[in-house]
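Structure first, then comments.
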Amino acid sequence: MDFFETVRNRYSARRYSGGPVPEQDLRRMLEAAVRAPNATNDQPWHFVVIRENAVKQSMRDVVAAVLDAAVHAASDPARKERLSRMRAYSIHFAEAPAAIALLARPWAGGSGAEPDSTARELGLESASMAAAHLLLAATALGYGGCFASAPAEFARAELEAVLGVEQPWFLVGIISLGVPRGPRSRIAPRKPLEEVCTFIG
Ligand SMILES: Cc1cc2nc3c(=O)[nH]c(=O)nc-3n(C[C@H](O)[C@H](O)[C@H](O)COP(=O)(O)O)c2cc1C
């Protein structure tokens, strides 16, 4: 598959056939991930590959519990509905043969004079680039995947506890990976370039 075909074929696959993702393929995806551009080559990322079902289920349980409590506490029906819908978008990693918890830490390449938020953002930006590489590599190898920030947004502390993540590392999101179940159902449309690009010169 040529590069542009890989880019066109990549989509967020959230349902999996159950076929395994062998370690050698995971390693190829991770090799692609760590080739990503990153702030001053500080490589402020870490990838926790989870194939153990019991761990995925524990992770699922903590996310579901936080979401259920939020749905229960919401008084506005529209918010209740939105939170309920987020469930499926937050726990697909539990059904995926492999889930990768994407961790970042604050960028350590600065002079120390930068605000803490700058160092954190640079860590996050670097990890995000790695996630994009990983998902493209997964596509090139015939797998599907989906990056999800929602589990971290809803249950960051709980998931970090399950995974034993220690500061300064923090959970960015979880990447679900597997052989997609069924054909690509819909192509998420993109805005035309005219709308999102400005050429100067
Ligand atoms: C920062 C970020 C956060 C995302 N969070 C979630 C998420 O929590 N759950 C999910 O199922 N998909 C999530 N996605 C996937 C997007 O929904 C998806 O990329 C987008 O709808 C475009 O669809 P496509 O990837 O199929 O082209 C996220 C993607 C990004 C880049």
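Worth knowing before you read on, the calculation uses all heavy atoms, side chains too, and leaves out hydrogens, waters and symmetry mates.
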With a cut-off of 6.0 Å (strictly less than), are more than 12 heavy atoms of other residues, nucleotides or ligands near CZ of Arg184?
-> yes
From Glu5 atom CD to Thr139 atom OG1, the distance as rounded to the nearest 0.5 Å | 11.0 Å
For the residue pair Phe147 and Leu134, establish whether any side-chain heavy-atom pair is separated by less than 4.5 Å.
-> no
Arg51/Val21 under side chain to side chain contact (heavy atoms under 4.5 Å, CB included): CA gap, chis, key distance, verdict | CA-CA 9 Å; Arg51 285 181 295 175; Val21 189; 5.8 Å; no
Please walk me through it: do Met29 and Leu177 pass side chain to side chain contact (heavy atoms under 4.5 Å, CB included)?
-> CA-CA 10 Å; Met29 295 176 211; Leu177 284 172; 3.7 Å; yes
Closest non-hydrogen atoms of Ala96 and Ser176, given as atom of the first, atom of the second and distance, are CB-CB, 3.8 Å
Would you say Tyr16 and Cys146 make side-chain contact, with heavy atoms under 4.5 Å?
-> yes
What pairs of residues pass the salt bridge (charged side-chain N to carboxylate O under 4.0 Å, His left out) test when at least one of them lies in residues 60-70, not counting sequence neighbours?
-> Asp68-Arg87
Other than Leu103, what residues sit in its cluster of Ile, Leu, Val, Met, Phe, Trp and Tyr side chains whose heavy atoms are under 4.5 Å apart, directly or through others?
-> Val48, Ile50, Val55, Met59, Val62, Val63, Val66, Leu67, Val71, Leu83, Met86, Tyr89, Ile91, Phe93, Phe154, Leu159, Val162, Leu163, Val165, Trp169, Leu171, Ile174
So if you build clusters from Ile, Leu, Val, Met, Phe, Trp, Tyr with side-chain heavy-atom gaps below 4.5 Å, do Ile175 and Val49 land together?
-> yes
Mind checking whether Leu30 and Trp45 sit in one hydrophobic cluster, side chains of I, L, V, M, F, W, Y counted as touching below 4.5 Å?
-> yes
Residue pair Thr40 / Trp107, side-chain donor-acceptor N/O under 3.5 Å | yes
Report yes if some heavy atom in the side chain of Arg120 is under 4.5 Å from a heavy atom in the side chain of Pro168; otherwise report no.
-> no
So does Gln57 have more than 12 non-hydrogen atoms from other groups sitting under 6.0 Å from CD?
-> yes
Distance from His46 atom NE2 to Phe170 atom CZ, nearest 0.5 Å?
-> 14.0 Å
What about Ile100 and Met129, same hydrophobic cluster or not, with Ile/Leu/Val/Met/Phe/Trp/Tyr joined at side-chain heavy-atom distances under 4.5 Å?
-> no
Are Val7 and Tyr143 joined in one hydrophobic group, where the rule is that I, L, V, M, F, W and Y side chains link up if heavy atoms are under 4.5 Å apart?
-> no
Is there a side-chain contact between Arg27 and Gln24 (heavy atoms, below 4.5 Å)?
-> no
Please say whether more than 12 non-hydrogen atoms of neighbouring residues, nucleotides or ligands are located less than 6.0 Å from CG in Asp116.
-> no
May I ask you to check whether over 12 heavy atoms, not counting those of Arg28, lie within 6.0 Å of atom CZ?
-> no
Flag yes if more than 12 heavy atoms outside Glu31 fall under 6.0 Å of its CD atom; otherwise flag no.
-> no
Any chain of hydrophobic side-chain contacts (each under 4.5 Å) joining Leu135 to Val172?
-> yes
Any idea which heavy atoms bring Pro44 and Gly123 closest together, and the distance?
-> CG-CA, 3.8 Å
